[in-house]
Q: 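Mind looking over this structure? Questions follow.
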Amino acid sequence: RVHAEIKYNDIVKCKGPGIKAVEGSNPLIEGNRIAGGGSCGVLSATKGLGVIRRNEIHQHRGAGVEIRSHANPVVEANTVSKNMVGVICADMGLGKLLDNAITDNKKAGIAVSGSSQVE
């Protein structure tokens, strides 16, 4: 498994996800400003793991954080605002959401669908 540290970056105006953690990767994503993307801020999918902590995630056309396809990240102490949806967990996504400030999103703050489970 990959264990990358993605820390203290400005990630802005991406056409796809600002950060993508997939296929069993296990990154630490911390202290970044992820803003203004055409998709989602952080995508965790296809058994992606990792910790998404203390980031500012805002103004995405999709979700601030998107969890899908058996991904199981810990999403902790982030500010998630002004996205279409704050956090979406779909298509059998898992994960833990802890102590996040999720405000001013256009649709739901947190959306869980299908067989997905978050704590």
Q: Where the side chain of Asn83 meets the backbone of Gly62, is there a donor-acceptor pair that is under 3.5 Å apart?
A: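 Looks like no, no N/O pair under 3.5 Å.
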
Q: Go through it in stages, so that I can follow the logic: the residues are Val74 and Arg53, the test is side-chain contact (heavy atoms from CB on, under 4.5 Å), and I'd like the CA-CA distance, side-chain angles, deciding distance and then a yes or no.
A: CA-CA 8 Å; Val74 175; Arg53 180 187 304 140; over 6 Å; no

Q: Got a sec: does the NZ of Lys7 have more than 12 other heavy atoms crowding it under 6.0 Å?
A: yes

Q: Please name the residue in the list Asn9, Asn55, Val12, Ile11 that meets the side-chain contact (heavy atoms from CB on, under 4.5 Å) test with Arg33.
A: Val12

Q: Output the distance between atom NE2 (His3) and atom CG (Leu28), rounded to the nearest 0.5 Å.
A: 6.0 Å

Q: Looking at Asn32 and Asp10, would you say the former's side chain and the latter's main chain have a donor-acceptor pair under 3.5 Å?
A: no

Q: Evaluate the criterion side-chain contact (heavy atoms from CB on, under 4.5 Å) for residue pair Val87 and Asn105; output intermediate values, then yes/no.
A: CA-CA 10 Å; Val87 178; Asn105 294 287; over 6 Å; no

Q: I want to check something: taking the side chain as every heavy atom from C-beta on, are Asp91 and Ser116 in contact at a cut-off of under 4.5 Å?
A: no

Q: Out of curiosity, does Val112 fall in the hydrophobic cluster containing Leu94 (side-chain heavy atoms, cut-off under 4.5 Å, transitive links)?
A: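 No; tracing contacts between hydrophobic side chains, which count when under 4.5 Å, never links both residues.
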
Q: Which heavy atom in Pro27 sits nearest to a heavy atom in Ala21, and how many Å separate them?
A: CG-CB, 3.7 Å

Q: Rounded to the nearest 0.5 Å, what's the gap from OG on Ser81 to CG on Asn100? Could you check?
A: 12.0 Å

Q: With a 4.5 Å heavy-atom cut-off, do Val75 and Ile67 have their side chains touching?
A: yes

Q: Report yes if some heavy atom in the side chain of Thr79 is under 4.5 Å from a heavy atom in the side chain of Ile57; otherwise report no.
A: no

Q: Assess whether side-chain contact (heavy atoms from CB on, under 4.5 Å) is satisfied between Ile102 and Ile110, documenting all intermediate values.
A: CA-CA 8 Å; Ile102 301 171; Ile110 299 171; 3.8 Å; yes

Q: Test your reading of the model: is there a side-chain donor-acceptor pair from Asn72 to the backbone of Leu49, 3.5 Å cut-off?
A: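 Judged by distance alone, no pair lies under 3.5 Å.
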
Q: From Ile19 CD1 over to Leu43 CG, what is the distance, rounded to the nearest 0.5 angstrom?
A: 11.0 Å

Q: Any donor-acceptor pair under 3.5 Å linking the side chain of His60 with the backbone of Ile34?
A: yes

Q: If you measure from NZ on Lys20 to OG on Ser39, what distance do you get to the nearest 0.5 Å?
A: 9.0 Å

Q: Decide yes or no on side-chain contact (heavy atoms from CB on, under 4.5 Å) for Val65 and Asn78, but give the supporting numbers first.
A: CA-CA 10 Å; Val65 178; Asn78 299 283; 5.8 Å; no

Q: If you round to the nearest 0.5 Å, how far is CD1 of Ile29 from OG of Ser44?
A: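 One finds 7.5 Å between OG of Ser44 and CD1 of Ile29.
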
Q: CE of Met84 to CD of Gln59: how many Å apart, nearest 0.5 Å?
A: 12.5 Å

